[in-house]
Number of protein chains: 2
Amino acid sequence: MPEGDGQTSARTAASPRTPDADATDAGGNGNRNEGGTNGSQANGAQANGSAIEVPAARERARSIPEAAVARLAVYLRALSSLAEQDITTVSSEELATAAGVNSAKLRKDLSYIGSYGTRGVGYEVEVLIGQIERTLGLTRKHSVAVVGIGNLGHALANYGGFPGRGFPVSALFDLDEDLVGVPVGGIPVSHIDDIVDVCSQREVTIGVIATPTQGAQEVCDRLVAGGVTCILNFAPIVLQVPEHVEVRKVDLAVEMQILSFHVARRQQEAVASGESGQVDGAGPPGGGAGLPGEIDSANRMVERL
Amino acid sequence: MPEGDGQTSARTAASPRTPDADATDAGGNGNRNEGGTNGSQANGAQANGSAIEVPAARERARSIPEAAVARLAVYLRALSSLAEQDITTVSSEELATAAGVNSAKLRKDLSYIGSYGTRGVGYEVEVLIGQIERTLGLTRKHSVAVVGIGNLGHALANYGGFPGRGFPVSALFDLDEDLVGVPVGGIPVSHIDDIVDVCSQREVTIGVIATPTQGAQEVCDRLVAGGVTCILNFAPIVLQVPEHVEVRKVDLAVEMQILSFHVARRQQEAVASGESGQVDGAGPPGGGAGLPGEIDSANRMVERL
DNA sequence: AATTGTGAACCGATTCACAGCT
DNA sequence: AGCTGTGAATCGGTTCACAATT
C-alpha cells in the first residue's frame with residue numbers, strides 16, 4: 001500500500017465551495033470527510049454484552065476512514081482464504097501479515113467496525129468475515145452495468161459475476177450497432193441510448209465506464225439519470241457528477257507514470273551517489289533501447305482500452 | 001484510491017527508528033520542515049535562456065509526496081489537452097478545475113518540481129508539460145511486459161503501446177502452450193518459463209501481472225529475477241518483493257467493495273433520518289432484486305480476469 | 001491587478017505504547 | 001502470558017492566507 005491507491009475519484013460539484021475530494025489512489029487518497037472528527041471514542045465503550053442486532057449500526061458505519069474501508073476489503077480476502085483452509089482463529093499479527101499491513105493498523109481498522117476479537121486469543125475468522133461483509137454492504141447484491149464493450153469491457157463482462165459473487169453483471173452497453181444484441185458473457189449488449197431505461201429497470205447500482213474518453217461524460221450522465229449512484233471509471237477523464245454519486249477512478253496511464261517516476265528517481269539516486277554512475281543490480285538499460293524521442297506526449301491516451 | 005489505494009510498497013527504510021517516548025518535547029511544535037521545501041528559490045531566477053540539462057534535478061526530485069506524483073500525471077493529461085487546443089497559457093485556477101482539484105493544491109504540487117510559473121500571468125503550457133514529463137521520467141521509454149494473456153491481458157496487449165506512447169509493450173507471457181507463439185497486438189506470446197531471459201534481453205522495466213492469483217507470486221519473482229523493478233499487479237494478492245522493487249496494485253474487487261460500502265452507508269443515512277425511510281432522488285431499488293442470499297463470500301475472486 | 005510560491009495552521013491517518021481483559 | 005482495543009503522539013498531506021513578483 002501502500003495505498004495509493006489507489007485511485008480514486010473526484011468530485012467536484014457544484015455546491016458551494018466544495019473542497020473536492022479525490023484521491024487517487026495512489027494510495028493515498030484523500031477524501032473529504034467532513035463532519036467532525038468525532039474522536040473515535042464513544043461507541044467503543046458501550047456496554048457490549050449481548051448480541052444486539054442492528055446495534056448502533058449507523059453510528060458505527062459513519063466515520064470509518066476511507067482508507068480503512070479499502071483495507072477492510074483486503075482483510076476480507078485474507079480471511080476468506082483462511083476460512084478455506086479451515087482456520088478458525090487469527091491474531092491481529094497473523095492477519096496483518098497476510099494483508100500486508102502492520103498489526104496496529106489492522107486492529108485500529110477493525111476497531112472502527114466494533115469489538116469482535118477476544119483478548120488473549122484473537123479473532124474468530126467467521127465472525128470477522130460476517131462483520132466486514134456487513135460493513136461493506138456485501139450482504140446484498142449490487143447489480144453492475146458495464147458500458148463500452150471494447151477490449152476491457154469484454155474482459156470485465158466475461159467473467160459472469162464480478163469479483164467473486166455479490167456483483168452480478170446485469171447489463172452491457174455499447175455504441176456499436178453491430179454489437180447490440182450480441183451476448184457477451186451471457187448477457188446481450190444493449191445500445192447506449194437505452195442506458196437510462198435498462199438501468200432503472202434492472203436496478204443497477206454500480207456502473208462501470210470502459211469507454212474511450214470522448215463518450216465517458218455522456219455515458220456517466222445517463223447512468224446517473226438511470227439511478228446509478230456508484231461509478232467505476234476507467235476512462236482517463238475527471239467525471240462531473242452530482243454530489244450523491246460516488247466515483248472511483250482506475251487510470252492505467254497514471255499508474256504507469258507513477259511507476260515511471262520511481263524508475264527515474266532510483267536512477268537519479270544511483271547517479272547521485274555513485275556519481276560515475278552505474279546503477280546497481282539490474283540497473284538501467286543503458287544500451288540500445290530508448291531515450292527521449294520526443295515523447296509523443298504521454299497522453300493521447302488510452303482510447304478504447 | 002482508490003487509495004485508495006493503490007499501494008506502494010518498497011519504502012526506503014532509511015529513517016532511524018523512533019524518536020520516542022520520554023523525550024517528548026512538550027508541545028513545542030517546532031515544525032520540522034525538512035524535506036519539503038528545499039530551499040526553493042534560487043533556480044527560478046537562473047538566467048534560463050539556454051536549455052540547461054540536469055539542473056539541480058536530483059535535489060528537486062527527492063521529496064515529492066507520493067500523492068502529488070499521482071496528481072502530476074493528471075495535470076499532464078489536462079495540459080496535453082490544452083496544448084492540443086493551442087492554448088499556450090493557464091492559470092493555476094483553470095488547470096486545477098480541469099484536473100478536478102483545488103488551486104492551492106495544484107500550486108503546491110507544482111512547487112515541488114520547481115518554479116515554472118509567472119506571477120500575475122500563469123504557467124506556460126508547453127513548459128509545464130516538459131517539466132512534468134521530465135519529473136515523471138517520461139523522457140525515456142519504458143518497455144512493458146504483460147504476463148497472463150487472459151481477457152485482461154489481451155485487453156492490455158491489444159493497444160500497441162500502453163497508455164499513450166512512452167510505454168511500448170515489448171513482451172507477452174502466458175502459461176498456455178497453445179498461446180505461445182501466437183501474436184497478440186503484434187507481439188508473439190512467450191512462455192512463462194522464459195520470463196527471466198526475455199525480460200533481461202528486452203530490457204523490460206515495467207511488468208504487468210494479469211494472471212490468476214495462484215501464479216502471481218511466482219510470476220512476480222521471475223520478473224524481478226529478470227531485472228524488472230516496477231510491477232503493476234492486477235491479481236488480488238499482496239506480492240512479496242525485495243525492497244528495491246516498486247509495486248502498484250489495481251484491485252477490481254476492492255474497488256467494487258468500496259463502492260458497495262458507500263451504497264450501504266447512504267442507505268443507512270437515509271433510514272436514519274427519514275426513519276420511515278425512503279431514500280431521496282434516485283434512491284434504493286427497494287423492490288424485487290437482491291438481498292442477502294448468503295454472499296458466497298465476496299472473495300472466491302477474480303480468477304483470470 | 002493578477003497570480004504564483006510558500007510558511008504555517010490544520011486535519012486526517014498512522015504508529016506507539018499500554019491499560020484492560022481472558 | 002498473551003493479545004485486543006484505544007488514547008495519545010506523530011507524521012504526512014491539505015488548506016489557508018499572504019508576501020513576492022510581474
Side-chain angles (χ1 to χ4, degrees), chain A residues 1-3 17 19-24 26-45 48 63-71 89-96 101-123, chain B residues 3-4 15 17-27 29-41 44-45 63-71 89-96 101-123:
Chain A
M1 144 127 219
E3 333 344 302
R17 73 155 68 169
D20 30 218
D22 112 286
T24 304
N29 351 223
N31 4 315
R32 75 236 172 2
N33 198 313
E34 109 68 34
T37 318
N38 62 37
S40 58
Q41 66 349 42
N43 57 352
N48 51 41
S63 85
I64 301 181
E66 177 88 6
V69 172
R71 286 189 300 265
T89 299
V90 262
S91 67
S92 61
E93 195 63 46
E94 298 165 328
L95 185 52
V101 302
N102 76 333
S103 65
K105 193 188 285 183
L106 178 131
R107 288 201 302 279
K108 176 70 83 173
D109 287 346
L110 292 183
S111 79
Y112 294 125
I113 68 173
S115 295
Y116 301 106
T118 306
R119 294 174 194 231
V121 180
Y123 301 88
Chain B
E3 156 249 340
S15 57
R17 233 38 214 336
T18 355
D20 201 37
D22 333 78
T24 332
D25 46 305
N29 58 10
N31 41 272
R32 71 312 187 319
N33 199 315
E34 173 304 274
T37 324
N38 63 29
S40 59
Q41 63 353 68
S63 83
I64 300 181
E66 179 86 6
V69 172
R71 285 190 300 265
T89 299
V90 263
S91 66
S92 60
E93 195 63 45
E94 296 164 330
L95 185 53
V101 303
N102 76 333
S103 65
K105 193 188 285 183
L106 176 132
R107 288 200 303 278
K108 177 70 89 174
D109 287 345
L110 293 183
S111 79
Y112 293 126
I113 70 174
S115 295
Y116 302 105
T118 306
R119 295 173 193 232
V121 180
Y123 301 88

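Below, each value reflects all heavy atoms present in this structure, side chains not excepted, and no hydrogens, waters or symmetry copies. Every value quoted in this text rests on a predicted model; they were computed, and no experiment measured them.
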Novice: What are the two closest non-hydrogen atoms of A:Asp109 and A:Ala68, and how far apart are they?
Specialist: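 Answer, listing the atom of A:Asp109 first, then A:Ala68: OD1-CB, 3.4 Å.
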
Novice: Just the rounded figure in Å: distance from C1' of C:dG5 to CD of B:Glu93.
Specialist: 15 Å

Novice: Figure out the NZ/C1' separation between A:Lys105 and D:dG12, and round it to whole Å.
Specialist: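 The answer, rounded to whole Å, is 12 Å.
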
Novice: Kindly give the heavy-atom pair with the smallest separation between B:Thr89 and B:Glu94, and that separation in Å.
Specialist: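 The pair with the smallest heavy-atom distance is O-OE1, 4.3 Å.
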
Novice: To the nearest 0.5 Å, what is the distance between CZ on A:Arg71 and CD on A:Glu66?
Specialist: 11.0 Å

Novice: Starting from C1' on C:dA13, measure out to CG on A:Leu106 and report it in whole angstrom.
Specialist: 15 Å

Novice: Polar atom pairs between nucleotides 18-22 of chain D and protein, under 3.5 Å, N or O only, would you list them?
Specialist:
{"residue": "D:dA20", "atom": "N3", "partner": "B:Arg119", "partner atom": "NH1", "Å": "2.8"}

Novice: Could you measure the distance from the CZ atom of A:Arg107 to the OG atom of A:Ser91? Nearest 0.5 Å is fine.
Specialist: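 Taking CZ in A:Arg107 and OG in A:Ser91, the distance rounds to 9.5 Å.
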
Novice: Would you call A:Leu110 and A:Tyr123 a side-chain contact if the rule is heavy atoms closer than 4.5 Å?
Specialist: yes

Novice: Counting side-chain heavy atoms from C-beta on, which of C:dG5, D:dT15, D:dT6 comes nearest to B:Asn102?
Specialist: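 In terms of side-chain proximity for B:Asn102, the closest of C:dG5, D:dT15, D:dT6 is D:dT15.
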
Novice: Rounded to the nearest Å, what distance is computed from the OH atom of residue A:Tyr123 to the P atom of nucleotide D:dC3?
Specialist: 12 Å

Novice: Choose from D:dG5, D:dG13, C:dA13 the nucleotide whose nearest atom is closest to any side-chain atom of A:Pro65.
Specialist: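 In terms of side-chain proximity for A:Pro65, the closest of D:dG5, D:dG13, C:dA13 is C:dA13.
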
Novice: I need the B:Leu95 CG to B:Leu106 CG distance, nearest 0.5 Å.
Specialist: 5.0 Å

Novice: Calculate the interatomic distance between A:Leu95 atom CG and D:dC3 atom C1'; express it in whole Å.
Specialist: 14 Å

Novice: Got a second to check how far A:Lys105's NZ is from A:Ser92's OG, nearest 0.5 Å?
Specialist: 14.0 Å

Novice: To check you understand the geometry: which heavy-atom pair defines the closest contact between B:Ala96 and B:Asn102, and what is its length?
Specialist: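 Distance-wise, the nearest heavy atoms are CB-C, 3.8 Å.
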
Novice: Within a strict 4.5 Å, meaning less than it, do heavy atoms of the A:Pro65 and A:Tyr112 side chains meet?
Specialist: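 When only atoms from C-beta onward are counted, A:Tyr112 and A:Pro65 do touch, with a gap below 4.5 Å.
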
Novice: How sharply is the helix from C:dA1-D:dT22 to C:dT22-D:dA1 bent, taking the axes over five pairs at either end and rounding to 10 degrees?
Specialist: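 Answer rounded to 10°: the end axes differ by 0°.
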
Novice: Below the 4.0 Å mark, does C:dG12 have OP1 or OP2 next to a side-chain nitrogen or oxygen of A:Tyr112?
Specialist: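 Checking C:dG12 against A:Tyr112, no side-chain N or O comes under 4.0 Å of OP1 or OP2.
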
Novice: Expressed in angstrom and rounded to an integer, what is the separation of B:Asp109 atom CG from D:dT14 atom P?
Specialist: 7 Å

Novice: How long is the line joining NZ of B:Lys108 and P of D:dA17, in whole Å?
Specialist: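 Value for this atom pair: 14 Å.
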
Novice: Starting at CD1 of A:Ile64 and ending at P of D:dT6, how long is that distance when rounded to a whole Å?
Specialist: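 Nearest whole value for this atom pair: 13 Å.
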
Novice: For the side chain of B:Ser115, counting heavy atoms from C-beta on, which of C:dG5, C:dC16, D:dC16 is nearest?
Specialist: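 Of C:dG5, C:dC16, D:dC16, C:dG5 is nearest to the side chain of B:Ser115.
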
